[in-house]
K.L.:
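Structure below; questions to follow.
Residue numbers run from 1 in the order of the sequence given.
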Amino acid sequence: MDLLYKSTRSSEGTVTASQAILKGLADDGGLFVPVSVPKLDVTMEELKGMTYQETAYAVMKQFLTDFTEEELKHCIACAYDTKFDTEVIAPLVKVGDTYHLELFHGATIAFKDMALSILPHLLTTSAKKNHVKNEIVILTATSGDTGKAALAGFADVPGTRIIVFYPKNGVSRVQELQMVTQKGNNTAVVAIHGNFDNAQSGVKAIFEDKEFGTELADAGYQFSSANSINIGRLVPQVVYYVYAYAKLLEYGEIESGEEINVTVPTGNFGNILAAYYAKLMGVPIAKLICASNENKVLFDFFKTGKYDKNREFVLTSSPSMDILISSNLERLIYTAGGQDAEKTKALMYALKTDGVYEITEEMKERLKDFVGGYATEEETAQKIHDTYQSAGYVMDTHTAVAAYVSKSYREAGGDMKKMLVASTASPYKFAGSVMTAIDDKYNGIEDFALIDELEKVSGMPVPNAIKEIRNAQILHKRECDAAQMKAAVKEILNV
């Protein structure tokens, strides 16, 4: 049986997995969700002996049912190869009494590589499958990591163009350099004067502009997305939670069937939603702990049932989480509302017009597996410092938010189930913040000057991703106001 996908904002019509991947966003502005989340058809006993690539196939074949075995295995083999600096792809490291799932061993040293190394292959396969003749234009907003991972994934992929918008002064220096030095004849990077939410809203508005879509089609282009609004981004992320549980079992850290808790540093809500889908597939996950920084819109939502983006936007040391509109939450809202598309549409309209919506008590009850927590800037830095002192382990700022929140959760409620922490970026991406947290003598020294110091302190070799940008030429210098994003796209595409 083929698994079909539908929009969170319409009860009409379904599409195949490949069609959903190609479109990125539904025509009505909704996000594609599977009609039902499939169950794993292999046991954990079978999974625990599998490689990452074999696990990826076991999970993804359940979601992407219109891909042949040969097509899907080819996509997986092309994605999870020597681009990763470890054969296991996503190592599990025990740090104190928690398990860190290191998702930053890919080409751009952030968890986005886990999905964005396969998305170009899924997309080009989908295009062939659906006889697409237009050039596919990947349009993406980034809060720091998605941009570079998408650029690296799509650079010089035939039949594609990629345009990335990022907030000027809203990403780390390393993140910015990774993007603006990106090679590839089909790549474009634009800094906008605004924050990530402005960039994301601008991209969504372009997707929803039907007249512009027709204009592009006439010029031989069609849009798709590399953001986690694309189901082709979300499905590969489910894999690593299944893999992590199987490895905990293989290493004898848990008993068969034992429930674990998972803490995820969260911005756009895709990564933690993937953990929820893994739970729905049959992985014994108890609580999903949503860790926020000082932009704690999700913490407040899980506490009160009210989502309110009308607040001060805070620039923090964990910029990939500096987000007030968490797009993927819409998929969870749809599920919690009993797959009621009209209800979801009304809530999203309220968010767009008033910046706030509130869910019912019944919906709140359906979200009881989720717990919100947050860390201040001081608490984040302290966690980096304390973990280094106690375990000799160096983590980045986003992972530190999650580590702090997971510790707070345990202390507050006494729930001592085994804890998996999603470790989402290499400390090298945020060397200044990390080194300052470890020792304030590094205060005021810029990130690149601290790279060699970080290597000494962490014992982790400087990744190629950092070596490459140290002296790389800046190739992308385009900037625009948030209101001018559509004009920038037209100029780049010569439309």
Side-chain angles (χ1 to χ4, degrees), residues 37 39-40 44 90 92 94-101 103 111 234 237-249 253-293 296-307 321 326 328-329 331-336 359 361-375 379-380 383 395 398-424:
V37 175
K39 296 289 183 188
L40 288 164
M44 282 297 162
L92 266 175
K94 193 169 184 180
V95 182
D97 59 357
T98 59
Y99 302 88
H100 282 230
L101 177 62
L103 302 171
F111 82 99
L234 194 59
Q237 292 181 268
V238 179
V239 173
Y240 47 73
Y241 292 108
V242 177
Y243 178 78
Y245 187 90
K247 290 301 154 191
L248 285 172
L249 200 56
E253 297 289 341
I254 54 173
E255 301 293 324
S256 184
E258 181 181 342
E259 286 191 326
I260 64 168
N261 293 327
V262 177
T263 305
V264 186
T266 309
N268 222 14
F269 208 76
N271 203 359
I272 194 165
L273 185 69
Y276 180 59
Y277 277 18
K279 177 183 169 83
L280 295 179
M281 288 191 90
V283 179
I285 294 170
K287 291 294 183 190
L288 296 137
I289 299 149
C290 177
S292 301
N293 62 19
K296 56 187 183 69
V297 65
L298 288 165
F299 168 77
D300 293 336
F301 169 71
F302 283 115
K303 195 174 175 186
T304 66
K306 185 177 181 181
Y307 193 99
M321 297 156 69
S326 301
N328 272 287
L329 188 62
R331 287 185 167 115
L332 184 65
I333 294 298
Y334 177 75
T335 304
I359 61 172
E361 285 301 319
E362 186 185 8
M363 290 171 76
K364 276 170 75 174
E365 180 61 24
R366 287 180 182 153
L367 299 181
K368 63 181 188 299
D369 291 339
F370 286 85
V371 180
Y374 76 97
E379 289 162 343
T380 303
K383 189 62 184 169
M395 57 184 154
H398 303 75
T399 307
V401 168
Y404 177 85
V405 167
S406 71
K407 182 171 181 284
S408 301
Y409 167 77
R410 285 174 143 185
E411 288 172 352
D415 180 352
M416 297 310 288
K417 290 184 188 72
K418 303 281 173 39
M419 180 70 78
L420 184 73
V421 170
S423 184
T424 53

K.L.:
Quick check for you: to the nearest 0.5 Å, what is the distance between Cys290 atom SG and Leu332 atom CG?
P.N.:
9.5 Å
K.L.:
Stepwise, does the side-chain contact (heavy atoms from CB on, under 4.5 Å) test hold for Arg366 with Thr335?
P.N.:
CA-CA 9 Å; Arg366 287 180 182 153; Thr335 304; over 6 Å; no
K.L.:
Does a side-chain heavy-atom distance below 4.5 Å link Tyr307 with Val297?
P.N.:
yes
K.L.:
Look at Glu379 together with Lys383 and state whether they make a salt bridge at an N to O cut-off of under 4.0 Å.
P.N.:
no
K.L.:
Test side-chain contact (heavy atoms from CB on, under 4.5 Å) on Tyr409 and Asn261; report intermediate values, then the result.
P.N.:
CA-CA 10 Å; Tyr409 167 77; Asn261 293 327; 3.8 Å; yes
K.L.:
Does Lys418 pair with Glu258 as a salt bridge, N-O distance under 4.0 Å?
P.N.:
yes
K.L.:
Distance check, rounded to the nearest 0.5 Å: Leu101 atom CG versus Phe111 atom CZ?
P.N.:
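The distance works out to 11.5 Å.
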K.L.:
Take Arg331 and Leu234 through the side-chain contact (heavy atoms from CB on, under 4.5 Å) test and state the conclusion after the steps.
P.N.:
CA-CA 11 Å; Arg331 287 185 167 115; Leu234 194 59; 3.9 Å; yes
K.L.:
How close do Thr304 and Lys364 get, counting heavy atoms only, and between which atoms?
P.N.:
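Taking Thr304 first and Lys364 second, the nearest heavy atoms are O-NZ, 3.3 Å.
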K.L.:
Of all heavy-atom pairs between Phe301 and Ile359, which one has the smallest distance, and what is that distance?
P.N.:
CZ-CD1, 3.8 Å
K.L.:
Between Arg410 and Thr98, does a side-chain contact (heavy atoms from CB on, under 4.5 Å) hold up when you go through it step by step?
P.N.:
CA-CA 11 Å; Arg410 285 174 143 185; Thr98 59; 3.8 Å; yes
K.L.:
Donor-acceptor pairs are to be reported for all side-chain atoms of residues 274-285 against protein atoms at under 3.5 Å, with residues two or more places apart or in another chain.
P.N.:
| from | atom 1 | to | atom 2 | distance (Å) |
| --- | --- | --- | --- | --- |
| Lys279 | NZ | Ile285 | O | 2.5 |
| Lys279 | NZ | Ala286 | O | 3.2 |

K.L.:
For residues 264-273, tabulate all N or O donor-acceptor pairs below 3.5 Å that involve a side-chain atom, not counting sequence neighbours.
P.N.:
| from | atom 1 | to | atom 2 | distance (Å) |
| --- | --- | --- | --- | --- |
| Thr266 | OG1 | Val264 | O | 2.7 |
| Asn268 | OD1 | Ser327 | N | 2.9 |
| Asn268 | ND2 | Gln200 | OE1 | 2.8 |
| Asn271 | OD1 | Tyr240 | OH | 2.7 |
| Asn271 | OD1 | Tyr241 | OH | 2.8 |

K.L.:
State, to 0.1 Å, how close Ala422 and Leu103 come at their nearest heavy-atom pair, and which atoms those are.
P.N.:
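Shortest heavy-atom separation between Ala422 and Leu103 comes out as CB-CD1, 4.3 Å.
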K.L.:
Identify the heavy atoms of Met321 and Asn293 that sit nearest to each other, and give their distance.
P.N.:
CB-ND2, 3.5 Å
K.L.:
List for me each residue that meets salt bridge (Lys or Arg N to Asp or Glu O under 4.0 Å) alongside Lys303, sequence neighbours excluded, and say none if there are none.
P.N.:
none
K.L.:
Tell me the closest heavy-atom pair linking Leu92 and Leu420, and the distance in Å.
P.N.:
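Between these two residues, the closest heavy atoms are CD2-CD1, 3.4 Å.
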K.L.:
Specify the closest pair of heavy atoms between Ala291 and Ala402, including all atoms of both residues, with the distance to one decimal.
P.N.:
CB-CA, 3.7 Å
